[in-house]
S.K.: 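This structure is in structure tokens; I'll ask about it shortly.
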There are 2 protein chains.
Amino acid sequence: MPRSPRNRPALTHPEPDEFDVLDILHALSDPTRMTIVQTLRAAPERACGTFAVDVAPSTLTHHFRVLREAGVIRQREDGNRRWTALRDEDLEARFPGLMDAIVTAYENGLA
Amino acid sequence: MPRSPRNRPALTHPEPDEFDVLDILHALSDPTRMTIVQTLRAAPERACGTFAVDVAPSTLTHHFRVLREAGVIRQREDGNRRWTALRDEDLEARFPGLMDAIVTAYENGLA
DNA sequence: CCTCTCATTCGACATTCATCGTACAAGAGT
DNA sequence: ACTCTTGTACGATGAATGTCGAATGAGAGG
């Protein structure tokens, strides 16, 4: 057998209809989470452990949940790993230009 | 004499150079504050008491401070009143398109 | 079977936050 | 003067948040 998902509580992903701008803004207002998002813009999909953020694993899990429940990222089980990707299309369809403006502004402010 | 400002701690307004995107996102991630911003988009300047938000006056003061310290609004003393306005130009100069994208997305999500 | 890796859940902790009531300060208007 | 209006400051309070360590569960690979 190729791969079977883990027997863990299913990952909850809101539908685009359920996205709330305020939740998204809140999710992105944290430096660690913004770093995660920025990293994901450069790579289509990453495993949890491959992010250059300086927090404990359990803290990282917490941040992923906040991003996931806001609709910013999608997570997929694959054996022992959990792959994370931006929900680019869903976000763009629901709130055109929003993510671009925010991430651009963030990178602009790093100077 | 026309008008003299109150004898109160001066209003602190950050310079555009000091704006922090994460602070702005955090400031806008609250429904009351977003309502304030949205209201200010329609009117150039308003007195504090003229906002249709359902919170106590002291709470309103708190929200104004958060917005002000993030650089979103500017407040001006005038006799007994405090006038509030969006810092449109400063925000646009520092983070082009950011406020537009966010407020548009917010209004889009009210449907 | 045993161990290692990956990421989670749980519980705890300190901090921040939104909210309010009360008291206060000062201008406006009578 | 006196009172009303405007908005703040302070202190308290309950909720949410970011952080971690320890324990857990499950796949991967020897």
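Just so we're on the same page: letters track the sequence lines, and every chain starts at 1.
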S.K.: Would you jot down, in residue-number order, the residues of residues 46-56 of chain B having a non-hydrogen atom under 4.0 Å from DNA chain C?
M.R.: B:V55, B:A56
S.K.: Who passes salt bridge (charged side-chain N to carboxylate O under 4.0 Å, His left out) against B:R82, sequence neighbours left out?
M.R.: B:E77
S.K.: Would the base of D:dG21 count as contacting A:S58 through its side chain, where contact means a donor and an acceptor less than 3.5 Å apart?
M.R.: yes
S.K.: Of all residues at least two apart in sequence or in a different chain, which pass the side-chain hydrogen bond (donor to acceptor under 3.5 Å, both in side chains) check with B:E45?
M.R.: B:R76
S.K.: Rounding to a whole Å, what distance do you find between B:R76:CZ and D:dT8:P?
M.R.: 14 Å
S.K.: List in chain and number order the residues that pass salt bridge (charged side-chain N to carboxylate O under 4.0 Å, His left out) with A:D20, two or more places apart in sequence or in another chain; answer none if no residue qualifies.
M.R.: none
S.K.: Could you tell me the separation between the CG atom of B:L22 and the P atom of D:dT17, rounded to a whole number of Å?
M.R.: 16 Å
S.K.: Which donor-acceptor pairs under 3.5 Å do side chains of residues 52-69 of chain B form with protein atoms, sequence neighbours excluded?
M.R.:
unit_1	atom_1	unit_2	atom_2	d
B:T61	OG1	B:P57	O	3.2
B:H63	ND1	B:R33	NH1	3.1
B:R68	NH1	B:Q75	OE1	2.5

S.K.: Tell me every residue that passes side-chain hydrogen bond (donor to acceptor under 3.5 Å, both in side chains) with B:D23, counting only those two or more places apart in sequence or in another chain.
M.R.: none
S.K.: Should A:D90 and A:R74 count as an ion pair when the cut-off is N to O under 4.0 Å?
M.R.: yes
S.K.: From CG of B:D78 over to C1' of D:dT6, roughly how many Å is that when rounded to an integer?
M.R.: 12 Å
S.K.: Of the nucleotides D:dA28, D:dT5, C:dA7, which one has an atom closest to the side chain of B:N80?
M.R.: D:dT5
S.K.: Between N or O atoms, less than 3.5 Å apart, protein on one side and nucleotides 11-18 of chain C on the other: list the pairs.
M.R.:
unit_1	atom_1	unit_2	atom_2	d
C:dA18	OP1	B:R33	NH1	3.4
C:dA18	OP1	B:R33	NH2	2.7
C:dA18	OP2	B:R33	NH1	3.4
C:dA18	OP2	B:H62	NE2	2.9

S.K.: Grab the CG-C1' distance between A:L11 and C:dC6 for me, whole Å please.
M.R.: 14 Å
S.K.: Could you state the CG-P distance from A:L28 to D:dT17, rounded to the nearest angstrom?
M.R.: 14 Å
S.K.: Which residue pairs satisfy the side-chain hydrogen bond (donor to acceptor under 3.5 Å, both in side chains) criterion with at least one member in residues 96-109 of chain B, sequence neighbours excluded?
M.R.: B:Q38-B:E107, B:R41-B:D100
S.K.: Once you round it to whole Å, what is the distance between P of C:dT8 and CZ of A:R81?
M.R.: 13 Å
S.K.: Which residue pairs satisfy the ring pair (Phe, Tyr, Trp, His ring centres under 6.0 Å) criterion with at least one member in residues 15-41 of chain A, sequence neighbours excluded?
M.R.: none
S.K.: Applying side-chain hydrogen bond (donor to acceptor under 3.5 Å, both in side chains), can you list everything that pairs with B:R46, at least two apart in sequence or on another chain?
M.R.: B:T50
S.K.: Sort me out a list of protein N/O and nucleotides 2-4 of chain C N/O pairs below 3.5 Å, or just none if empty.
M.R.:
none

S.K.: Round to the nearest Å and state the distance from B:R65 atom CZ to D:dT8 atom P.
M.R.: 9 Å
S.K.: Distance check: side-chain N/O of B:R82 vs OP1/OP2 of D:dT8, anything under 4.0 Å?
M.R.: yes
S.K.: Do A:P16 and A:E89 touch side chain to side chain, with heavy atoms closer than 4.5 Å?
M.R.: no
S.K.: Specify the separation, in whole Å, of atom CG of A:L67 and atom P of D:dG18.
M.R.: 10 Å
S.K.: Check side-chain contact (heavy atoms from CB on, under 4.5 Å) between A:E92 and all other residues, then give those that pass, not counting sequence neighbours.
M.R.: A:P96
